[in-house]
Amino acid sequence: MSLSGFASPWWLLLLLPVAALIAAYVWALRKRRREALRFSNMAALDRAAAASRREWVKHVPPALLAVALIMLTVALSGPTSEQRIPRNRATVMLAVDVSLSMKATDVEPNRLEAAKGAAKEFADKLTPGINLGLVSFAGTATVMTMPTTDRGAVKQAIDSLKLSEATATGDGINAGMQAIDSFGKMVGGPGGPPPARIVLMADGGQTIPREMDAPRGAYTKANEARDAGIPISTISFGTKHGTVEIEGQREWVEVDDAAMDEIARLSDGEFHKAASAQQLREVYDTLGEQIGYETKRADASRPWLVLGTLAAIVAAGVSIFFGRRLP
């Protein structure tokens, strides 16, 4: 029950006549007592006082009626409260790293398979009204699925992800932005395109190009995403102990947390770290809550209206039952 953010606060002025009625009732009771003291002998007064103590219930209906009037007045003023409301208009592009480092087994059964399972759970739990798309990137980036509410199509695309050489993180971000832009132009109404976000999951540093701030680099594209109003939520997935075998040589594939953190910062997004499949699912759950719901001030008058009505009904019932009259 909220007592803030009133939509029509001027209705609260009705509390003044309610207060006047309460004051008049108290004044009438005191006046009656004074008159009883003036015209009654002590024996009669004692009997009247004893009867008054036994008949305290007669004050219950007026008290409940006053409570009902206060609650109904608050309801009329339109109190609001912050409520979590499912989004029905938003676009999310999930960009997944499929470079060869994703076959490292430091996360069982390997990084890519663990990522696939968590991504599909994310798709299932995401608010149904949100359009979800998929981008895969290694040496190049590919839009696997344009934004859609068809979770089956997205999960099928996730299952089809395959490993490839190199890591062009900037291209993955760019592909996500282009998909969001194209989709926004198709569905954008008078209010403009829906709010959008990229969820970037990668396990290592960029290799194409080597410089993060090159024209195709991840930092450059993160800045462009910020300018376009598309924050990037990054997930650094894996551990410092991951290795892969490439052409008979075992190579370390340590995650680059610093780069992923910087991408998130430059785009006004958030950085997350996951060193296991369970942690990855927890990160996706957190993102699902952030993306799938928004906090808005919504009408909170219904509880006041319900309780006020109930108080009025009880007041009438008590008055009829004990006094056979309405208050």
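With values rounded to the nearest 0.5 angstrom, K155 atom NZ is found 10.0 Å from E121 atom CD. We find the CZ-CG distance between F6 and L12 to be 5.0 Å, quoted to the nearest 0.5 Å. Atom CZ of F122 sits about 12.5 Å away from atom CE of M201, to the nearest 0.5 Å. The structure places CG of D171 at 9.5 Å from CZ of F137, a figure rounded to the nearest 0.5 Å. In this structure, the separation between NZ on K221 and OG on S267 is 14.0 Å, given to the nearest 0.5 Å. If you take CG on L94 and CD1 on I235, they are separated by 7.5 Å, rounding to the nearest 0.5 Å.
Put simply, the side chain of S160 gets close to the backbone of A157: a donor and an acceptor are under 3.5 Å apart. Of the possible donor and acceptor atoms, none in the side chain of Q156 sits under 3.5 Å from a partner among the backbone N and O of G152. Without hydrogens or angle criteria, Q83 side chain to K296 main chain gives no donor-acceptor distance under 3.5 Å. Judged by distance alone, the side chain of T207 and the main-chain N or O of T167 form a donor-acceptor pair under 3.5 Å. Although no hydrogens or angles enter the test, the distance criterion places a donor-acceptor pair under 3.5 Å between the side chain of T80 and the main chain of G5. Between the Q206 side chain and the P209 main chain, a donor and an acceptor come within less than 3.5 Å of each other. Side chain of R281 to backbone of A118: no donor-acceptor contact under 3.5 angstrom is found. The backbone N or O of G129 lies less than 3.5 Å from no partner atom in the side chain of T127, so there is not a single donor-acceptor pair. For T239 (side chain) and H241 (main-chain N/O), a donor-acceptor pair under 3.5 Å exists by modelled atom type. Remark: side-chain polar atoms of K273 are not paired, donor with acceptor, to backbone N or O of F237 under 3.5 angstrom.
Closest heavy-atom contact between P194 and G184: CD-CA, 4.4 Å. Taking every heavy atom of both residues into account, A264 and T234 meet most closely at CB-OG1, 3.5 Å. Contact between A141 and V135 at its shortest, heavy atoms only, is CB-CG1, 4.4 Å. Here the shortest heavy-atom pairing between S99 and D203 reads OG-OD1, 4.1 Å. Nearest heavy atoms, P231 versus R197: O-CG, 3.3 Å.
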Check step by step if side-chain contact (heavy atoms from CB on, under 4.5 Å) holds for D159 and K120.
CA-CA 9 Å; D159 281 329; K120 288 191 289 185; 2.8 Å; yes
- Message: If you apply the rule side-chain contact (heavy atoms from CB on, under 4.5 Å), what do you find for I180 with I198, and how did you get there?
- Response: CA-CA 9 Å; I180 289 170; I198 294 173; 3.9 Å; yes
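Grouping the Ile, Leu, Val, Met, Phe, Trp and Tyr side chains by contacts below 4.5 angstrom, directly or via other members, places M144 with Y284. Hydrophobic cluster membership is shared by M177 and M93, with clusters built from Ile, Leu, Val, Met, Phe, Trp and Tyr side chains linked at under 4.5 angstrom. A continuous path of Ile, Leu, Val, Met, Phe, Trp and Tyr side chains, each step under 4.5 Å between heavy atoms, connects V74 with L307, placing both in one hydrophobic cluster. At a threshold of 4.5 Å between side-chain heavy atoms, the hydrophobic network of Ile, Leu, Val, Met, Phe, Trp and Tyr places L163 and V255 in two separate groups.
If you check the side chains of T220 and D213, you find no donor sitting under 3.5 Å from an acceptor. Judged by distance alone, the side chains of S301 and D299 do bring a donor and an acceptor atom under 3.5 Å apart. For the residue pair S81/R297, the side-chain donor-acceptor check at 3.5 Å is not satisfied. In the model, N110 has no side-chain atom that pairs as donor or acceptor with a side-chain atom of T105 under 3.5 Å. For the 3.5 Å distance criterion, the side chains of N131 and T91 fail to qualify, holding no donor opposite an acceptor.
Counting heavy atoms of neighbouring residues, nucleotides and ligands inside a 6.0 Å radius, atom CZ of R210 does not exceed 12 of them. Heavy-atom neighbours of E165 CD from other residues, nucleotides or ligands within 6.0 Å: at or below the threshold of 12.
By the side-chain hydrogen bond (donor to acceptor under 3.5 Å, both in side chains) test, R226 pairs with N223, sequence neighbours left out.
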List, one per line, each side-chain donor-acceptor pair under 3.5 Å for residues 285-292, sequence neighbours excluded.
| unit_1 | atom_1 | unit_2 | atom_2 | d |
| --- | --- | --- | --- | --- |
| D285 | OD1 | K125 | NZ | 3.2 |
| T286 | OG1 | E282 | O | 3.1 |
| E289 | OE1 | R84 | NH2 | 2.3 |

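No salt bridge links R265 with E270; every basic N to acidic carboxylate O contact stays at or beyond 4.0 Å.
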